[in-house]
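Throughout, residue positions are numbered sequentially from 1 according to the sequence presented.
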Amino acid sequence: MPHIEARIKTSFGEVVIVGDTPQEILKMLETIPENFVDAISSRLTPSGTQLKGIVEATTEGPVIVTRENLTHYEAVGLILYASDEHKNTVTQMQKRLEFSNIKCMVPARLNEMTKRGQVFKPDPNKPEFKLTIQGEKWIQEEVLKTIREKTK
């Protein structure tokens, strides 16, 4: 018997609802609480509370919401840090920064951050960049700490 799938993209991945009829899928959707995405996102993202007030998860991906002045490196790093598996494509990072009202030449910043050891390309054939362990520590111990101190 054929199944019908509804795929819903969220900030933490994709939710797939499977049913035998469209009515069955609609019934399942009606049972999902309004704050479902936020509740799951905060549980799946260990840095969720750490990023509260700095970066918000949206259905399209993370958006920087802090009013603090950030360097372009910090902005790119925060987008990567808040992204699934701490990695994202250049195009997606550019879009997320634009939605955050930050104008930045992402490829140039990523090139410099690669030289600093903060990011790397997990697969040279894909346009994705990922934070290194050093990059994660930089975000956690310097960038987030500085932002938190300024907003106290």
Exercise answer: donor-acceptor pairs, residues 131-142 side-chain atoms, under 3.5 Å, sequence neighbours excluded:
from, atom 1, to, atom 2, distance (Å)
Thr132, OG1, Gly117, O, 2.6
Thr132, OG1, Gln118, O, 3.2
Thr132, OG1, Gln134, N, 3.4
Thr132, OG1, Gly135, N, 2.9
Gln134, NE2, Arg116, O, 3.2
Gln140, NE2, Tyr81, OH, 2.9

Seminar exercise, completed: Grouping ILVMFWY residues whenever side-chain heavy atoms fall under 4.5 Å, the cluster of Phe120 otherwise contains none
Problem set entry | Leu78 side chain near Ile147 side chain, heavy-atom distance below 4.5 Å | yes
Exercise. Do Met93 and Leu110 come within less than 4.5 Å of each other through their side chains, counting heavy atoms only?
Worked result: yes
Exercise. By side chain to side chain contact (heavy atoms under 4.5 Å, CB included), which residues pair with Asn101, not counting sequence neighbours?
Worked result: none
Exercise. Counting only N and O atoms by type, is there a donor-acceptor contact under 3.5 Å from the side chain of Thr66 to the main-chain atoms of Glu68?
Worked result: yes
Exercise. Yes or no on salt bridge (Lys or Arg N to Asp or Glu O under 4.0 Å) for Glu128 and Lys130, after CA distance, side-chain angles and deciding distance?
Worked result: CA-CA 7 Å; Glu128 286 183 327; Lys130 181 175 170 74; over 6 Å; no
Exercise. Hey, what else clusters with Val63 if you join Ile, Leu, Val, Met, Phe, Trp, Tyr whenever side-chain heavy atoms sit under 4.5 Å?
Worked result: Phe99
For this session: Measure the spacing between CG of Leu144 and OG1 of Thr146 and express it to the nearest 0.5 Å.
Result: 9.0 Å
For this session: Please confirm whether the backbone N or O of Asp20 pairs with a side-chain atom of Glu24, one donor and one acceptor, at under 3.5 Å?
Result: yes
Problem set entry | Side-chain donor or acceptor of Ser83 paired with backbone N/O of His86 under 3.5 Å | no
Exercise. Can you list the residues that meet the side chain to side chain contact (heavy atoms under 4.5 Å, CB included) rule with Pro127, with sequence neighbours excluded?
Worked result: Thr89
Problem set entry | Close side-chain approach of Ile17 and Ile32, heavy atoms under 4.5 Å | yes
Problem set entry | All salt bridge (charged side-chain N to carboxylate O under 4.0 Å, His left out) counterparts of Glu112, not counting sequence neighbours | Arg109
For this session: Verify the neighbour count for atom CE of Met28: are there more than 12 heavy atoms of other residues, nucleotides or ligands below 6.0 Å?
Result: yes
